[in-house]
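Take a look at the structure set out below.
Order of the sequence lines fixes the chain letters, A, B, ..., with proteins taken first and strands second; residue numbering starts at 1 for each chain.
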There are 2 protein chains.
Amino acid sequence: MKEGPDIAGIATLIGDPARANMLTALMSGKALTATELAAEAGVTAQTASGHLAKLSQGGLVQARKQGRHKYFALAHADVAATLEALMGLAAGQLRTRTGPRDAALREARVCYNHLAGRRGVQMFESLLAQEYLHEDGAVIRLTAAGDGFIREFGIDPDVMQSARAPLCRSCLDWSERRTHLAGSLGRAMLTRMEGLDWVRRDKDSRALLFDPDGVAAFDRVFHI
Amino acid sequence: MKEGPDIAGIATLIGDPARANMLTALMSGKALTATELAAEAGVTAQTASGHLAKLSQGGLVQARKQGRHKYFALAHADVAATLEALMGLAAGQLRTRTGPRDAALREARVCYNHLAGRRGVQMFESLLAQEYLHEDGAVIRLTAAGDGFIREFGIDPDVMQSARAPLCRSCLDWSERRTHLAGSLGRAMLTRMEGLDWVRRDKDSRALLFDPDGVAAFDRVFHI
DNA sequence: TAGATGCTTCGGTTATGATCGAACTATGAA
DNA sequence: TTCATAGTTCGATCATAACCGAAGCATCTA
């Protein structure tokens, strides 16, 4: 009867609204302090402290002390991917009270520091179509042409290779139900696009706001 | 603050131990009756009824009445994939009281009617290496050579094409942290291997038990 | 028809855990 | 040093929901 891992444990961990809000906030990829997360969840600092201890204990988030602040981030990219999967199930349900902000999130949003939503899927599929990326089993790798491409785009691939996180990873998009690019390359791509002023982050949500010129440039580079 | 879909809702749904046990039982892909699920969860029929109503309401399972029985199955392959992702997170935690049965599950198990575990990953990667399958973006398709292969293996591809479920799908394996084959082809492959007596299902768990001859044949066909 | 089985609804009990006020420690600023 | 801010621990309150007994409805068998 008791087969496999304790699935109910983590699901319970994610299932509390306050904790779910915290995790969702951390999906931006940014590390946040305990008080910031308390505000995000709409609870007092005491309550948040308890929640964060549980999330930490459960291996979903990782804490880092810095002076009198304590920063929290998602423990691993797998956590972000699982949260996206849960969002996919939730979005499948008619519980879609589609707000105006929701549309923006579907268009482009940040998912653990990389580009997600319609634009994220577009980029990923364009990179594959142009054979800058190649899927080899579950492994995605950069082709020789792709290496040249990202250099020209303004990213140094050698810097990233040294990082511990895998270069390329795929991540299932909850709104598109398709795959987008994650991993350190996904992160670098988004960072570079921010540097180019193609896109900027919304202050209050995970939405990414494209500049009109940015959209044009994006469509040119990542044509389908 | 309230961004995206209601993630806490489904997580709470999965988070109850009784419901989690039910869902895990349904990961076998078989439809089970309410009383069977009650036994699986270790609760009375009344309690199970309430749980199943909630799971149904939440879109995680689908009910089908047949005479005085009511059969339940996972609503969609996405649900199975999400559950596997959660298992991956749970397995990552040290909560690994690795029992003897656990080892069998890691070796080979059934995941929503298709082959998962070490053997599942082996099969998937072998099919890709032999170029019977091709990954094109997020889409996996059968190559011409693959079409010939599965015919020879004893599966009629035309029968499956008509099915509503996608032919090939990938599914992240919680124990291997890699991808294995799902979709109607994955299902057909497992069914065929059962027909060939290579493998049979354990009565009490999701484990798949390979016949010694079956292993040899499997390794021959799905070499790496 | 009567009896058995599968499933559901209702009501009451109980346990779990989320919440906050109050008091505490630790770090940084003045 | 003194004060303010960040975070934690403790204790008490309170709401939610899981659970089962009892009773009901529906379906199949004899």
Side-chain angles (χ1 to χ4, degrees), chain A residues 1-2 6-26 30-73 75 90 95, chain B residues 1-2 6-26 30-73 75 90 95:
Chain A
M1 196 185 301
K2 263 275 172 45
D6 175 29
I7 176 179
I10 351 144
T12 300
L13 222 44
I14 304 172
D16 177 77
R19 288 194 292 263
N21 282 337
M22 291 177 174
L23 291 169
T24 304
L26 290 174
K30 272 181 58 173
L32 299 173
T33 65
T35 21
E36 284 172 324
L37 287 167
E40 202 70 42
V43 294
T44 59
Q46 311 95 289
T47 307
S49 179
H51 284 312
L52 289 167
K54 289 183 183 177
L55 288 174
S56 206
Q57 177 72 22
L60 294 182
V61 305
Q62 227 168 6
R64 174 170 51 90
K65 264 192 95 166
Q66 190 165 313
R68 60 177 161 176
H69 295 279
K70 199 165 174 184
Y71 284 91
F72 291 89
R95 197 168 290 250
Chain B
M1 194 185 302
K2 264 275 169 49
D6 175 28
I7 173 179
I10 349 141
T12 300
L13 222 45
I14 304 173
D16 177 78
R19 287 192 294 261
N21 282 338
M22 291 176 174
L23 291 170
T24 304
L26 292 173
K30 273 181 57 173
L32 298 173
T33 66
T35 17
E36 285 172 324
L37 288 167
E40 201 70 43
V43 294
T44 59
Q46 313 92 292
T47 307
S49 178
H51 284 313
L52 289 167
K54 287 183 184 178
L55 288 174
S56 205
Q57 178 71 21
L60 294 182
V61 305
Q62 227 167 6
R64 173 169 53 89
K65 264 191 95 166
Q66 190 165 313
R68 60 180 161 178
H69 294 279
K70 200 167 176 183
Y71 283 92
F72 291 88
R95 197 169 290 250

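Using modelled atom types and a 3.5 Å distance limit, the side chains of Gln62(B) and Arg64(B) yield no donor-acceptor pair.
Checking dC20(C), dT8(D), dC7(C) against the side-chain heavy atoms of Val43(A) singles out dC20(C) as nearest. Among dC7(C), dC20(C), dT27(D), the nucleotide with an atom closest to any side-chain atom of Lys65(B) is dT27(D). You'll find that the side chain of His51(B) is closest to dC19(D), out of dG7(D), dC19(D), dC7(C). Closest to the Lys70(A) side chain, of the nucleotides dC7(C), dT8(D), dC28(D), is dT8(D). Of the candidates dT29(D), dC20(D), dT19(C), dT19(C) carries the atom nearest the Ala18(A) side chain, counting heavy atoms from C-beta on. The side chain of Lys54(A) approaches dG17(C) more closely than any other nucleotide in the set dG17(C), dC7(C), dC19(D). Side-chain proximity of Thr33(B) to the nucleotides dC20(D), dA18(C), dC7(C) is greatest for dC7(C). Proximity note for Asp16(B) (side chain, C-beta onward) versus dA18(C), dA18(D), dT27(D): the nearest is dA18(D). For Ser49(B), the listed nucleotide lying nearest its side chain is dT9(C); candidates were dC28(D), dC20(C), dT9(C).
When the P atom of dA18(D) is taken as reference, atom CG of Leu55(B) falls 10 Å away, rounded to whole Å. Whole-Å rounding puts the Leu13(A) CG to dA18(C) C1' distance at 14 Å. For the pair His69(B) NE2 and dT29(D) P, the computed distance is 9 Å after rounding to whole Å. Whole-Å rounding puts the Ile14(A) CD1 to dG17(C) C1' distance at 18 Å. Distance CD (Gln66(B)) to P (dA26(D)): 20 Å, rounded to an integer number of Å.
Residue contacts shown for Ala34(B) are limited to sugar-phosphate atoms, with no base heavy atom under 4.0 Å away. If you check every strand for non-hydrogen atoms under 4.0 Å, Thr47(B) touches a base.
Gln46(A) contributes no side-chain N or O that forms a donor-acceptor pair with the base of dG7(D) under 3.5 Å.
No donor-acceptor pair closer than 3.5 Å links the side chain of Arg19(A) to the backbone N or O of Ala8(B).
Taking the nucleotide of DNA chain C with the nearest heavy atom to each of Arg68(A) and Thr12(A), the more 5' of the two is matched to Thr12(A).
A search for side chain to side chain contact (heavy atoms under 4.5 Å, CB included) contacts involving Ala38(A) returns Ala48(A), not counting sequence neighbours. Under the side chain to side chain contact (heavy atoms under 4.5 Å, CB included) criterion, Thr44(B) pairs with Gln46(B), Thr47(B), sequence neighbours left out.
Side-chain contact between Val61(B) and Leu23(B): present, with at least one pair of heavy atoms (C-beta onward) separated by less than 4.5 Å.
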